[in-house]
There are 2 protein chains.
Amino acid sequence: MSFFSKSCEYALRAVFYISRSTQEGKKVGVKEIAENIQSPEAFLGKILQRLSKEGIIQSAKGPNGGFFVTEENIKRPISDIVLSIDGKALLTGCGLGLKECSEDKPCPLHHYFKDIREQLKGMLDNITIDQFNNDLIKGKVMLRK
Amino acid sequence: MSFFSKSCEYALRAVFYISRSTQEGKKVGVKEIAENIQSPEAFLGKILQRLSKEGIIQSAKGPNGGFFVTEENIKRPISDIVLSIDGKALLTGCGLGLKECSEDKPCPLHHYFKDIREQLKGMLDNITIDQFNNDLIKGKVMLRK
DNA sequence: ACAATAAAAGATATCTTTGTCTTTTATTAT
DNA sequence: ATAATAAAAGACAAAGATATCTTTTATTGT
Ligand code: FES
Ligand code: FES
C-alpha cells in the first residue's frame, strides 16, 4: 500500500507536467505526458478525461489540441486532484476501517491517527498546482520514475 | 484509498482483540475474533495464519486452541503488523510513485511529504500492541464497525 | 484408539484496479 | 469538402485484492 492509488499518482504527476507546459505556452497531448511521467498512455488518457470532466484541467480536441490549465486551475490545491480520483477515505476515514471516524466511538488508533490525517489533509489543501512550475523547469524536481 | 489495505485493517483490529483476550486469560478462535471485529471469517483466517507464521501472534491447534500473544509479542510496535501485511511502500516509498524516494531526485511533493510519512512511521513504531488493552476492556475504544 | 476441535493449507470465486485496443466525435488546416 | 489530428468513449483483458469453500494436519479429552 501507498498513500495514493496508481491512478492518483499518475494524475498528480500529469497535472504537474501539464501545468509546466502551459506555463511554457503550449498544450500537450496524452502521448507526450505519458512519456514524460512514465505512465501507460491509454490508462492516463482515461484519468485525464476524468480530470477534464471535473474541470480540474482543460482539454482541446483536434490539431494543436491537447491538455492545458487555466489561471484558476493552477491556483487550486492538489487535494482537489486526490479527492477527485481517490475519494475522501484517505482524508476523513478511520485508519482501522471502522464505518466512520468519530470522537465518541473511536478506534484504538484514533487519537494518534487523527493528527497525521489532518496534517496530510492540511498539506494537500495548502499546496497549489502551480507551486512547482519553476522547480520543474529548472529540473530541481522529478516526475519520471 | 485509505492508509491501510483491508487485510491490514483486519489484522490490526484482530491483533488488538487477541491481545485483550490474552490479557483476560483466554485463547480465541477465528470465529469469535471475526464476529467481534466484523470481518469475513475465512479471510481473516488467512491473515492470522500469516501473522502467526511471522511470529507476530501465536496459535494453538485442537480443543482449547486458538490465537494468543506472548509477553514479547505485545511489546512489539504495530508497525510490525503493517509492514508484514502491507509492506514498506507506505512508510518509505515516494508519495507520487517514483521508483524510489530520494533527496537528490525528489518528486515535487517530497519536501512536504517526507515529514508526514516520518510522522506516520514514528507513530506506528512507537505504539505497542498492548497499549490499548485497558481501553478495550473498559469499552473506551471500538474494534467493530 | 477415537471423536471432537481448531488452525493450516489448498482450491476456487468475485470484485476492483490497472491496463490495452478500437471506434467515435470534435477541431483544424488545406 | 477533405484529410489529418487529438481527445472522448466504449469494449475488453490482465492482475491483484478480497472473499469463500473444502480438505488436511495437529492437538486434546475421553
Ligand atoms: S475512529 Fe479510527 S481514526 Fe478515528
Ligand atoms: S521522492 Fe517523492 S516523496 Fe520523496
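Predicted model, so just to flag it, every value in this text is computed and none were measured. Letters A, B, ... are given to chains in the order of the sequence lines, protein chains preceding strands, and every chain is numbered from 1. Note that these values count all heavy atoms, side chains included, but never hydrogens, waters or copies made by symmetry.
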Picking from C/dA9, C/dA6, D/dA7, which would you name as closest to the side chain of B/Lys61? C/dA6
Has B/Asn36 got a side-chain atom pairing as donor or acceptor with B/Leu143's backbone, closer than 3.5 angstrom? no
In whole angstroms, how far is the P atom of D/dA19 from the CZ atom of B/Arg50? 15 Å
Nearest whole Å is fine: how far is D/dG10 P from A/Lys53 NZ? 8 Å
Tell me which nucleotide among D/dG10, C/dA8, D/dA8 gets nearest to the side chain of A/Lys46. D/dG10
Rounded to whole Å, how long is the line connecting atom CZ of B/Phe67 with atom C1' of D/dA26? 13 Å
From the list A/Asn73, A/Thr128, A/Asp130, A/Asn133, side chain to side chain donor-acceptor pair (under 3.5 Å) with A/Ser19 holds only for A/Asn133
Nearest-nucleotide comparison on DNA chain D, the residue closer to the 5′ end among B/Pro63 and A/Val28: A/Val28
Can you tell me if B/Ser52 touches the phosphate of C/dA7, counting only side-chain N or O atoms and a distance under 4.0 Å to OP1 or OP2? no
Do A/Met1 and A/Leu90 share a hydrophobic cluster (ILVMFWY, side-chain heavy atoms under 4.5 Å, transitive)? no
For A/Glu9 and C/dG19, what is the distance between atoms CD and C1' respectively, to the nearest whole Å? 15 Å
Atom NZ of B/Lys27 to atom P of D/dA26: distance rounded to whole Å? 18 Å
Just how far, in rounded Å, is P of C/dC21 from CG of A/Leu44? 16 Å
B/Ile57 CD1 - C/dA8 C1' separation (whole Å): 13 Å
Please determine whether a side-chain nitrogen or oxygen atom of B/Ser59 lies at a distance below 4.0 Å from atom OP1 or OP2 of C/dA6. no
Can you identify which nucleotide, out of C/dA9, D/dT20, D/dT18, has its nearest atom closest to the B/Ser7 side chain? D/dT18
Ignoring the backbone of B/Tyr10, work out which of D/dA19, D/dG10, D/dT20 is nearest its side chain. D/dA19
Less than 4.5 Å apart, side chain to side chain, heavy atoms only: is that true for B/Phe113 and A/Met123? yes
Presence of salt bridge, B/Lys121 and B/Glu118, under 4.0 angstrom: no
Under 3.5 Å, is there an N or O donor on one side and an acceptor on the other linking the side chain of B/Lys6 and the base of D/dT18? no
Rounded to the Å, how far apart are B/Phe43 CZ and C/dC15 P? 15 Å
Phosphate OP1/OP2 of C/dA6 contacted by B/Asn64 side-chain N/O (<4.0 Å): no
Which of D/dA8, D/dT28, D/dT20 is nearest the side chain of B/Ala42? It is D/dT20
